[in-house]
2 protein chains.
Amino acid sequence: MSKIAPISGFPEYSPGQRIVEQRFLDVIRETFELHGFASIETRAIEPIERLRSQGEDADKEIYGIARLAGGDAEGMRWGLHFDLTVPFARYVLENAGTLEFPFRRYQIQKAWRGERPQEGRYREFTQADIDVVDVGTLAPHFEAEMPLVVADVFEKFPIGDFVIQVNNRKLANGFYAGLGITDVAGTLRIIDKLDKIGPDAVADLLTAAGCTATQAQACLDLAAIRTPDLSFVDQVRALGVDHPLLDEGLDALAAVIETAAANAPGRVVAALKIARGLDYYTGTVYETQLVGHEDWGAVCSGGRYDALASDGRTTYPGVGISIGVSRILGLLFGHGRLAATRSTPACVLVAVTDEASRPASTAVATALRARGIACEVAPKADKFGKQIRYADRRGIPYVWFPRDDGDQVKDIRSGDQVAADPAAWTPPAADLRPDVLMGD
Amino acid sequence: MSKIAPISGFPEYSPGQRIVEQRFLDVIRETFELHGFASIETRAIEPIERLRSQGEDADKEIYGIARLAGGDAEGMRWGLHFDLTVPFARYVLENAGTLEFPFRRYQIQKAWRGERPQEGRYREFTQADIDVVDVGTLAPHFEAEMPLVVADVFEKFPIGDFVIQVNNRKLANGFYAGLGITDVAGTLRIIDKLDKIGPDAVADLLTAAGCTATQAQACLDLAAIRTPDLSFVDQVRALGVDHPLLDEGLDALAAVIETAAANAPGRVVAALKIARGLDYYTGTVYETQLVGHEDWGAVCSGGRYDALASDGRTTYPGVGISIGVSRILGLLFGHGRLAATRSTPACVLVAVTDEASRPASTAVATALRARGIACEVAPKADKFGKQIRYADRRGIPYVWFPRDDGDQVKDIRSGDQVAADPAAWTPPAADLRPDVLMGD
């Protein structure tokens, strides 16, 4: 038998950490649903050639699967999905005949990538995506909607301060074109390195790629613009570049920032350096950072794409954003920032006086559960002190004592013990479920 | 590019079916937590030799995985788990130093088996398991607890009438031994075929295996015993077989039935034909059927095991039960028995009068969401009739009209339209979320 050991890149949580994760996923789901997104789940596998057709160097990331009994003859026809976007695009094409468009869906699932594991980056990880796709054309107002949903999620879960940075591909592309730069995509890829290598190195790369010093400086000036309001428009105009695509991009970004200012004030900025690596983005792009932890990189990103899902005749343009659930939790757990108040959902431990009276304790538990109070019956009729320590080790706040002369319940944190009726007693709302706390 | 097509055995739900599944999973999770079980999730993969060491013919069921870029050199070291019990046993051994015992955990995850797909049986499926494990010894009262949890789940979700059948391996083993049968395990395996091949064929197999006609008849008489109360004890005694292991089994089963009668009346029966195929069960075994659909087979089963998790020095005996979520939903969907009242979580569609006033509609949506009312803003400022049809096609019950002279909301089922304030209006509780309905 193989040695019991963790597998690198496949983290598993303790019961307490899992409570934190569940709370995060609950907040995400609840918020996605409040915004009218419907859940789907796709199978874990896709044909390998579909996975390969998306993304750069996809091969090295893909886990292929095959039935062991099938042997080499069957070969690897399928692989585990490495994101939720490729399967979603396939799901839309497969079910286009029965879905209602525009189709608003969310999807919270695991994905797998064979990359080198590092802090906040795993081989098995959970993502939470929303997308809106439509048939033929997609109204631009959907691009303004994504940051509202994300801001709503992050305001409800204690991850600390965050900022959703937004840019528009058309804006950058139009600006570069207006400057007379021909390799627009190449320029964007160089600008994307700004945070990593700094402005001087970027300027060198740009001139090496054929830009004049003036063009390179203008690109850097554009990338330096970052405003929480519409003032970015005048700042861009002041750079004196003109191009119809730039106008289009400025209008589109202004619309996103305006909607955000009205509905999620203080959470969204126009950040004109944001590029996003993936080539399929065609309009708005998003990248979210945790304030004070900018070096952790993006924890939630996405954008608009026009041609990701197409069956050759019909195109389904969309816009989406993806929360890196495992990434965020991995980073916050790794820095000791998040913890649950207990390691079990149980709010009450029902004590057992002696094994003969266990049925009375079980009856108390049944009565409490019927009223939504999670509880556990003590595993053994130990001395009460030992039963209390059992509860204490798990963080269970209350111990219930069934007694012939009337039951009592003890708050083991304060030591307060009061008479209680299992058909009527209710704990304070804050104790009913484990809570999630954020440390420094 | 590969043709877009379903993969046999890897079903995907429509958004409406997914709402039904989510409701079922919510009920399961909520109930597991009320009973004080803590959630864990394990990674999707285990070392292949660990998977192979469990279960008969495991090989043909296992999906191996390998990084495509790794090539043949890396080989397949890992496989997707085919149940949640094997990974759980490994998790317990790996984390024994930090877990609190007895450890009560639930686990709701997908598993994968390369079997031939058929109705209610898939290659990718979701299971919902609870187990209690302890160190060294496990108190028998945990065996009485499992059916209470399952009954609680199935009473809250509209799957129709169900019966949890319980037996005890010791009872059957002691009875066979008391009869003088030496191949106890072989006898059990033959009795397990009773539902499939009938009593005459079972009697033939038993005599072929070396039983006398009297022994075979006694085995069949035992298997025929099925009572909702403790009367099975006298019925077994009346068969005139004596063995200490039989006494032990009778006492243990009586304790389970007694607890069930007190806490989940009418849901549990002693059914002495229940064997369960898996060799690792050592005490109580469970098998749940949907009444009127006994031919669908078991939808929820499990039992007590004494040696599943062991590191050679310490043994962690446990008892568990597993709800076949995909199996139950697949069967009920297949027979058109379950449906959601709408295909989106949205309760309200906020109409858009013209694109210029979209911000006013978005502000209404933000206000409604802040009070927990899921809504969607109309995708296009079409004529109101068209916007109402948009809501109707998705089953969204309310359409909100922002108006300068005071907003109005229409129940599009009744046509009733009333004045409404987004800061105060609340839909009836029954409309807030999609509901799940059971048909005939």
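Quick note on labels: first sequence line is chain A, next is B, and so on, each numbered from 1. Note that these values count all heavy atoms, side chains included, but never hydrogens, waters or copies made by symmetry.
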* To do: Would you sort out whether B:Lys380 and A:Asp134 count as a salt bridge (charged side-chain N to carboxylate O under 4.0 Å, His left out), showing the intermediate values?
  => CA-CA 12 Å; B:Lys380 210 175 156 196; A:Asp134 207 342; over 6 Å; no
* Carefully, step by step, assess A:Glu124 and B:Arg43 under the rule salt bridge (charged side-chain N to carboxylate O under 4.0 Å, His left out). => CA-CA 7 Å; A:Glu124 178 175 63; B:Arg43 63 196 187 211; over 6 Å; no
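The CD1 atom of A:Ile4 sits 6.5 Å away from atom CD of B:Glu94, with the distance rounded to the nearest 0.5 Å. Residue A:Ile396 holds its CD1 atom at 10.0 Å from CD of B:Glu100, rounded to the nearest 0.5 Å. Annotation: the span from A:Ile7 atom CD1 to B:Glu46 atom CD amounts to 6.5 Å, rounded to 0.5 Å. B:Glu376 contributes atom CD, which lies 13.0 Å from atom CG of A:Leu34 (distance to the nearest 0.5 angstrom).
Among B:Cys375, B:Ala370, B:Ala346, B:Cys347, the residue making the largest number of heavy-atom pairs under 4.5 Å with chain A is B:Cys375. Per-residue heavy-atom pair counts under 4.5 Å with chain B were compared for A:Thr344, A:Thr259, A:Leu349, A:Asn263, and the maximum is reached by A:Asn263. Of the listed residues B:Leu80, B:Ile45, B:Val132, the one with more heavy-atom pairs under 4.5 angstrom with chain A than any other is B:Ile45.
A:Phe32 does not touch chain B: none of its heavy atoms, backbone or side chain, sits under 4.5 Å away. In this structure, chain B has heavy atoms under 4.5 Å from both the backbone and the side chain of A:Pro379. Looking at A:Thr31, there are no atoms closer than 4.5 Å to chain B (heavy atoms on both sides), in backbone or side chain. Neither the backbone nor the side chain of A:Arg105 comes within contact range of chain B; no heavy atoms are under 4.5 Å apart. Heavy atoms of A:Ala44 lying under 4.5 Å from chain B belong to its backbone as well as its side chain. Proximity to chain B is limited to the side chain of A:Arg394, based on heavy atoms less than 4.5 angstrom apart. Of the two parts of A:Tyr106, only the side chain, counted from C-beta on, holds a non-hydrogen atom closer than 4.5 Å to a non-hydrogen atom of chain B. Interface remark: A:Gln109 contributes side-chain atoms only to the contact with chain B (heavy atom separation under 4.5 Å). Neither the backbone nor the side chain of A:Leu368 comes within less than 4.5 Å of any heavy atom in chain B. The contact between A:Arg358 and chain B is made entirely by side chain atoms (from C-beta outward), counting heavy-atom distances below 4.5 Å. Within the 4.5 angstrom heavy-atom criterion, atoms from both the backbone and the side chain of A:Pro6 approach chain B. Contact of A:Leu99 with chain B is made through the side chain alone, with heavy-atom distances under 4.5 Å. Only the side chain of A:Glu355 comes within less than 4.5 Å of a heavy atom in chain B; its backbone stays farther off.
A pairwise comparison of heavy atoms in A:Lys110 and B:Thr42 identifies NZ-O, 4.4 Å as the closest pair. Pairing each heavy atom of B:Tyr91 with each of A:Tyr13, the nearest pair is OH-O, 2.7 Å.
Within 6.0 Å of CZ on B:Arg433 lie no more than 12 heavy atoms contributed by other residues, nucleotides or ligands.
Considering only heavy atoms from C-beta on, B:Tyr390 comes within 4.5 Å of A:Pro102 through its side chain.
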